[in-house]
Amino acid sequence: MSLADFRGEVQAWLRERLDGKFAAVVGTGGPGREHEHVEERKAWEQELARGGWVGLGWPRDAGGRGASIEEQVVFYEEYARAGGPGRINHLGEQLAGPTIAAFGTQEQKDRFLPGILQGTDIWCQGYSEPGAGSDLAAVRTTAVMREDGWHIDGQKVWTSLTQYADWCFVLARSDAGSERHRGLSYLLVPMRQPGVEVRPIVQLTGTSEFNEVFFDDAVTAADNVVGEPGAGWRVAMGTLAFERGVSTLGQQVGFAHDLDQVIAAAISSGAVEHDAVKDQIVEAWAGLQTLRHSALRTLNNDASSSTGVEANVSKLLWANWHQRLGELAMSVQGAAATVVDGDGFSPLQTMFLASRAGTIYGGSNEVQRNIIAERFWGLPKDRA
Amino acid sequence: MSLADFRGEVQAWLRERLDGKFAAVVGTGGPGREHEHVEERKAWEQELARGGWVGLGWPRDAGGRGASIEEQVVFYEEYARAGGPGRINHLGEQLAGPTIAAFGTQEQKDRFLPGILQGTDIWCQGYSEPGAGSDLAAVRTTAVMREDGWHIDGQKVWTSLTQYADWCFVLARSDAGSERHRGLSYLLVPMRQPGVEVRPIVQLTGTSEFNEVFFDDAVTAADNVVGEPGAGWRVAMGTLAFERGVSTLGQQVGFAHDLDQVIAAAISSGAVEHDAVKDQIVEAWAGLQTLRHSALRTLNNDASSSTGVEANVSKLLWANWHQRLGELAMSVQGAAATVVDGDGFSPLQTMFLASRAGTIYGGSNEVQRNIIAERFWGLPKDRA
Amino acid sequence: MTDSADTAELRSTLRGFFEQHAPTRSQLADDPGQWKRLTTELGLTGLAVPEEQGGSGASYVELAVVLEEAGRSLLRAPLLSTAVAAVVLADSDAGDLLPPLLDGSMSAAFVVGDVTVDGDRLTGSVAQVVDAAAAGLLLVTVGDALYAVDAAAATIRSLEALDPTRPLAAVELDGASGRRVGDAAHALDLLHVALAAESVGAARAVLEMTVAYLTVREQFGRPLGSFQALRHRVADLTVELEAATSTVWYAARAAAERAPDLPVVAPLAKATATDAFTHIAGDAIQLHGGIGFTWEHDAHLYFKRAWTTALLHDDARTLRRTAFDRGTRG
Amino acid sequence: MTDSADTAELRSTLRGFFEQHAPTRSQLADDPGQWKRLTTELGLTGLAVPEEQGGSGASYVELAVVLEEAGRSLLRAPLLSTAVAAVVLADSDAGDLLPPLLDGSMSAAFVVGDVTVDGDRLTGSVAQVVDAAAAGLLLVTVGDALYAVDAAAATIRSLEALDPTRPLAAVELDGASGRRVGDAAHALDLLHVALAAESVGAARAVLEMTVAYLTVREQFGRPLGSFQALRHRVADLTVELEAATSTVWYAARAAAERAPDLPVVAPLAKATATDAFTHIAGDAIQLHGGIGFTWEHDAHLYFKRAWTTALLHDDARTLRRTAFDRGTRG
């Protein structure tokens, strides 16, 4: 199929559903808005699966469609353009699935991949712990093997979409007395059990994208460990490397929508008449073009010429760009931005507030800078 | 005398000379231009001394005039406004003199202060060493006491006005085998002797404000040590504290002159028609007002409420402000700024280039930030 | 702000009061008891009103110190609006309007927007007015003039504000009777200085909170404050705060002395102070990491106050332009 | 820029050449021998000219790689002007002007300014023209059109340049005979992409030089590169450089393919690249400390090249506006 035909197929499929049965989910979800239309978005996940769009870029032998990078780009662009909702299982599709496909046993693949590909099993991530911030190796959650499987005790934090999840991939310390990166195991833990409690964290947006998860003698089967017990760090790092940049192109279509809203607000308030405000809008627009060029360049990389820090560069670029856009959104509205009209924060207010979290979650700006300095330039690490 | 009368006296005295015999020195000297009219500026220093303007703020018992802060402010403002040249002995008046007055013996005061107050002895500073950068305690220059006095060997760098100086205050290691801040002595060393060689450092401006100084068995009398031998660090730190902010008000009048030139260039190129350029000019102007308010607030400080880092805050503020102004100077000229017309760089080009040094010399921005974090907030030092 | 001995004592008294009675989280709802203490007990609304008019006879410098301290705890009560209104009225021939402001029985609000006057009848609607919902007295700018209007003669609608510690309302005037009480420009200058003082106080509080966090919080086995990149960020924010504090310091003195350059430095003070406040409050969230963007932590309250103050009563760019035009004219 | 296998080989060849024959300090004066090697030996002026017209038949992508490498050593020779001119002429019906450019017997310069045409006579004076002093052929923009003019028909006066590695001249045309060879806009797009490629190459070189310095230089008893504030500065500069490199990468491909969005991304590429270059070169001086602002050290040469490139052929603000207007039209 030509790329243009493929694009046409994507457009038609999305239009039929998003103009029709799933019209309610258009534009819902995403940063600061994960609480919107949860049940409909779960159904949407299964609808996507029936259309064959889940696991689009997964290899065929893992049950995916093995689509080319170009096709994936087209899908993400059209998905965002059509106002497709925030994907409620993106952690399952983007992280859990590929990790199990790469590091799991055949039994694990058979057991877990179909649920992801059918959109029936929602996943969340259990990495960060309270008090550890960006220090991923400071894991204190324990996992002890007993006759009925792994028993997990501890607390994870900053987990997104947890309250809707069926499964969680958890990094836990399985070797008592081990330190830092050693002695950790990568466990797949069912969320629907008495030993698991989820407490939403209310953010400055007033909504709860993130949660605390308490494991109090939670249990999972003995063979729900990915990779060797005690060798979970390598698996967890592998998970982080699966972000290949394709989905960032979809994210950018959302950014373009944000920018359009800012421009509309600047026109409506008259702020755009100021040359200086126009300059800021032009800079935001130019920054977005560069985000796109960066994603395309990354996708074109052959292994030999990649910098190894594309994901870190990309994270800093988009998080800072989006935060500046959030500030611009306020400036162009002027005093009107200080008022909450109607039911809760406006989309631009939510964007402004949520953009403060983008530079912190998923590896803070500071951690990204450390990695770039150390991995790309070989500059010394911070002394521990 | 009222402050207004005092201002009148300063204006009249300066006008008579700068419109007359010393017209040639008007506007000369300063960053990137210390090579201009050196002999006339030496004569000017003595003329100032005859007028009683050298040591204006020194205490009377040190031979100064004991002028109030307000009077000093008036003098520096009027001096700069009249186009008074860069002071060729400001290190003598601002640092060496006050240090000797505070830490020296009566004999040292009698010996050295008159030459400074009369403008006949020009001083330079020997602190920084090659390879040590901002690490002032990394002194390797040695001083050994023999029968005929101290023998000094080593190398200093980034010393300004050295080629015109008669004396140098030198921080040297007098206790062999000592380390860091211990075992240093604060020595007064005559520059006109065979053991001292000065090599100008050509800067990116093409001129030589700074120099290297080589001490090769240079000698100074046994009693030309300020404070106890081996206790020079305390004296050197005392020297750095004498910058009380008064002279920064004079510096700011020079900055205002720079800003006026930038505005004139923006008008002449038409760049000022761009609202965004106008904004940048307005920001530069506003920043200059804040520099002035900061200096005035510092001068009004009573000891109980001072932050202890005023000088560091002030250094960061003005150095960054001036560097941004230098960039603005280029932007407003556009392509014309890329050409050197006539005899050497234009004043705005020189300002642009010299402003890159302001964030490095006299304690780099990085060192100032360290000090603010450590001294003001008590945050941990870098581990050595 | 740098204090003389007198203002240092005032500051210390106020800080004690606010730490005891007005911690940040208590500012999320009105507290009539607190307002009573601020007015009758401490006499703060009349602080810069001459004694012969029933005030404390202190100057705008002392009022600025009080507002800095109020800013630290993001005070919700209408102290700023009412105290500035009292200074304006004390300087007018409408001193008879003062007593209820001084004894706390009435608060005031400044209504700045498109209002026109016909005879003594004011008409217009202003979309965002700080402290208007609780106000008994409105001071309304009409072109160059300032009018006093009984709040009962206006239609006032409470609004939900982005900053939950700063009450906003929409004010509608439909031929309300107004009394000319002075010039708008001078009142706005005083208001700008007051907002600037409040902003540097709040900015200093959130920066102190951030440094305290960096000092105790460990990551990678050492305190966050030992990471140089974070320490340098704190240093840069300190420089910006100290610079803004200097301009506010200067402007408060200019207000106290009615110095000729007050019209220049007043807008400059608000611009400089709110720039520093928005930067510091934004970085405070970043430096706190995850906890900094939770609803429970105070950082977002400072952040919302910073942006709200920056956007109300003209933004920094506009104010700097105004200052420049005034300062370089002639 | 990210390379395919082919461009990686080209890059490696060129880097070897420039490291051997064109170290930075040698760029302070003309070097005819070097020019001869660049043209006759390496055939670089005809790199992106089709083989049937005497060139090497590579694309604008390869030319961009060459110019990145030339930028690394701040090449003084008129390679950029001449190679871009060759691409423009190869695409016109003035292919007969190509041979002297390809064999190195003549170099070219782009004259962009206020020039008018009357019949085929060009008149005007342009104040700053890169590479004009040595040029045999001038490509002159007149409104939307591009004309070829024999340099002998113009009055060309060498200028002293702020950047000693980039020769500038003033060009005076007084009824000089011109030959219409194409459109100005497309030629300027190609020129912008070329300058952008050169700039990211130079920026990367001075950033690498800076990191190397931080790695070896010790202060306070440890390498400068172990100070987190400096490492984070390097990281931020890296992000800016990688972003700019991406836009240049995209623009070079758009130029090679004559993609419809070339007019959008070409000005954007120059703006993004020179912003990154000025920031990196400025911080390079700072990060080198005292040695960085001496005449002897190369940092100031990169700094002067960065600012010169940013100011010539429209500044970043103007170029971004152009890109925006083109990119959002319709």
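Chain naming here is simple, since letters A, B, ... match the order of the sequence lines and numbering starts at 1 in each.
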In terms of heavy-atom contacts, does NE2 of His257(B) have more than 12 from other residues, nucleotides or ligands at under 6.0 Å?
-> no
Checking heavy atoms, do the side chain of Glu240(C), its backbone, both or neither come under 4.5 Å from chain B?
-> neither
Under 6.0 Å from the CD atom of Glu179(B), do we count more than 12 heavy atoms belonging to anything else shown?
-> no
More than 12 heavy atoms of other residues, nucleotides or ligands under 6.0 Å from CG of Asp144(C): is that the case?
-> no
Test log, rule side chain to side chain contact (heavy atoms under 4.5 Å, CB included), inputs Val265(C) and His293(B) = CA-CA 10 Å; Val265(C) 295; His293(B) 302 149; 3.8 Å; yes
Would you check if Arg321(C) and Asp275(B) make a side-chain contact, meaning some heavy-atom pair closer than 4.5 Å?
-> yes
When rounded to the nearest 0.5 angstrom, what is the spacing between CG in Leu237(C) and CZ in Arg369(B)?
-> 11.0 Å
Can you tell me how far CG of Asp236(C) sits from CG of Asn365(B), rounded to the nearest 0.5 angstrom?
-> 8.0 Å
Test item: Arg231(C) side-chain N/O and Pro380(B) main-chain N/O as donor-acceptor pair under 3.5 Å | yes
Out of curiosity, Leu379(B) CG to Leu214(C) CG, how far, rounded to the nearest 0.5 Å?
-> 6.5 Å
Any side-chain heavy-atom pair of Trp377(B) and Leu207(C) under 4.5 Å = yes
Side-chain donor-acceptor contact under 3.5 Å, Asn370(B) with His232(C) = yes
Where does Thr247(C) contact chain B at under 4.5 Å (heavy atoms): side chain, backbone, both or neither?
-> both
In short, Ser246(C) meets Arg297(B) closest at the heavy-atom pair OG-NH1, 2.9 Å
Which atoms of Glu283(B) approach chain C - backbone, side chain, both or neither, heavy atom under 4.5 Å = both
Other residues, nucleotides, ligands: >12 heavy atoms within 6.0 Å of Asp114(C) CG = no
Rounded to the nearest 0.5 angstrom, the OG1-CH2 distance for Thr298(B) and Trp249(C) is 8.5 Å
Would you call the rings of Trp285(B) and Phe324(C) parallel, tilted or perpendicular, where under 30° means parallel and over 60° means perpendicular?
-> perpendicular
Does a salt bridge link Asp279(B) with Arg320(C), judged by any charged N lying under 4.0 Å from a carboxylate O?
-> no
Which pair of heavy atoms, one from Ala286(B) and one from Leu268(C), lies closest together, and at what distance?
-> CB-CD1, 3.5 Å
Taking every heavy-atom pair that is under 4.5 Å apart, which of Gln289(B), Gln368(B), Glu366(B) has the most such pairs with chain C?
-> Glu366(B)
